Amino acid sequence: MFEVKEFPEFSWSFSRHKTLMTCAKKYGYDYYAGHNGWLYDADESVKHVYRLKKLKNVPIAFGQIVHELAEKAVRLFLEHGYVMTEAELIGQAREMLNLAYTDSRDRKPQWTQKPARFHMLYDMYYGGELNRMEAEEYRRRLHIVFQNLLWSGSFRDITERPQTMQFQQAEEFRFMTVDGVKIFVVMDLLYRDLEAGKWVIVDWKTGKEADDDRSQLALYAYYIMQKYGASVEEIEIRNEYVLTGVQKSYRLSDADIELMLQKMKQSVHMMRRYQLDMISNEPVELEDFPRTDHERRCETCNYKEICLASS
């Protein structure tokens, strides 16, 4: 039974941490101000924040589509032994991108009523049209990313020697508890390589390499250690950069895990500053979430129409 709560549950995830580091005000909008905005009888101002949270720019929409289709391709092979072709993946991705565009252009009233069911692209919402050059660039990338996905070491592991692999079902919401805080872990692919006697965690990346990619995987490794009793030496973590075809593979040490836990606990401590009540997770007033000093970030923020108007 779904329970309506006045305040959201407090939890930690890597994406939540990145939002806080980008802008505390955006963090306030994302995780508090739009809470319950999906309910029919919610206040209009709360619904407005919730709608803005659902806006997606083209790079984010593209990344989500690639992840969705990568998961589908893996599932189809595991369940039916069928390997999707590059043409099939590109065709389905084009359809999904086109739907995001036509929803944004033709179905704004429906999106306004049900923002989780319909799409709204950021550029269409704020500017009424797409940046054509950007849209074409991402269409061009479809061939590159799906070719690299199918040829990636991780995908070929799955399709070329499945009998030596033991796959863990992708759970929608994996989580663990650390110091009483629910920690969400979103893994793209997890399997046990029986031949090599190791766990393999795979993260598909549609963008460029970033400094914190390794920290994110250290969190995933810790989850495997907690859930399956694996030692850090038994875990291999991989970033598959499907735009460049590069695979980065790591073996972590206990020191890497310890550093990640330390950073996570510091991050939780920072988030606690914005709670009036630690039990109910009632937040401070929205005005008390400071806006970023990097004003250029405001130009591309989902909340700019309400955040900048309130200053």
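Since this is a predicted model, take the numbers as computed values, not measurements.
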Check step by step if side chain to side chain donor-acceptor pair (under 3.5 Å) holds for His17 and Ser267.
-> CA-CA 7 Å; His17 167 73; Ser267 175; 2.8 Å; yes
Could you check whether the rings of Tyr223 and Tyr228 sit parallel, tilted or perpendicular, using 30° and 60° as the cut-offs?
-> perpendicular
Determine, stepwise, if the pair Arg238 / Asp157 fulfils salt bridge (Lys or Arg N to Asp or Glu O under 4.0 Å).
-> CA-CA 13 Å; Arg238 293 180 190 163; Asp157 264 0; 3.3 Å; yes
N-O pairing of Asp103 and Arg105 below 4.0 Å | no
Would one find more than 12 heavy atoms of other residues, nucleotides or ligands at under 6.0 Å from atom CG of Asp277?
-> yes
Salt bridge (Lys or Arg N to Asp or Glu O under 4.0 Å) partners of Glu287, counting only residues at least two apart = none
Just how far is it from atom CG of Leu217 to atom CE of Met260, taken to the nearest 0.5 Å?
-> 10.5 Å
Would one find more than 12 heavy atoms of other residues, nucleotides or ligands at under 6.0 Å from atom CD of Glu209?
-> yes
Lys NZ or Arg CZ of Lys182 over Phe175 ring: under 6.0 Å, within 45° | yes
Do the numbers put Arg75 on top of the ring of Phe167, so that NZ or CZ is under 6.0 Å from the six-membered ring centre and no more than 45° off the axis?
-> no
Could you please spell out the steps behind the side-chain contact (heavy atoms from CB on, under 4.5 Å) verdict for Val186 and Phe14?
-> CA-CA 9 Å; Val186 183; Phe14 206 78; over 6 Å; no
With ring centroids as reference points, do Tyr82 and Phe77 lie under 6.0 angstrom apart?
-> no
Between Lys198 and Glu233, does at least one N-O distance fall below 4.0 Å, as a salt bridge requires?
-> no
Report the C-alpha distance between Arg140 and Glu136 in whole Å, list the side-chain angles of each, state the deciding distance to 0.1 Å, and finish with yes or no for salt bridge (Lys or Arg N to Asp or Glu O under 4.0 Å).
-> CA-CA 6 Å; Arg140 188 187 68 78; Glu136 278 310 308; over 6 Å; no
In Å and rounded to the nearest 0.5 Å, what is the OG1 to CZ distance from Thr85 to Phe146?
-> 11.0 Å
Of all residues at least two apart in sequence or in a different chain, which pass the salt bridge (Lys or Arg N to Asp or Glu O under 4.0 Å) check with Glu6?
-> none
Any chance you could lay out the side-chain contact (heavy atoms from CB on, under 4.5 Å) test for Met96 and Glu68, step after step, and finish with the verdict?
-> CA-CA 10 Å; Met96 292 161 86; Glu68 208 172 303; 3.2 Å; yes
Classify the angle between the aromatic ring planes of Tyr122 and Tyr126 as parallel (below 30°), tilted (30 to 60°) or perpendicular (above 60°).
-> tilted
Kindly write out the residues that satisfy salt bridge (Lys or Arg N to Asp or Glu O under 4.0 Å) with Arg296, not counting sequence neighbours, or none if the list is empty.
-> none
Would Tyr220 and Gln216 count as a side chain to side chain donor-acceptor pair (under 3.5 Å) if you check the C-alpha gap in whole Å, the side-chain angles of each, and the deciding distance to 0.1 Å?
-> CA-CA 7 Å; Tyr220 299 167; Gln216 190 171 359; 2.9 Å; yes
Would Arg161 and Asp193 satisfy salt bridge (Lys or Arg N to Asp or Glu O under 4.0 Å), going step by step from the backbone distance to the final call?
-> CA-CA 10 Å; Arg161 50 187 192 96; Asp193 185 331; 2.8 Å; yes
More than 12 non-hydrogen atoms from neighbouring residues, nucleotides or ligands closer than 6.0 Å to CD on Glu295, yes or no?
-> no
Looking at Arg51 and Trp111, what are the two nearest heavy atoms and their distance?
-> O-CZ2, 3.2 Å
Could Lys53 and Tyr31 be counted as a cation-pi pair, given that NZ or CZ must be under 6.0 Å from the ring centre and within 45° of the axis?
-> yes
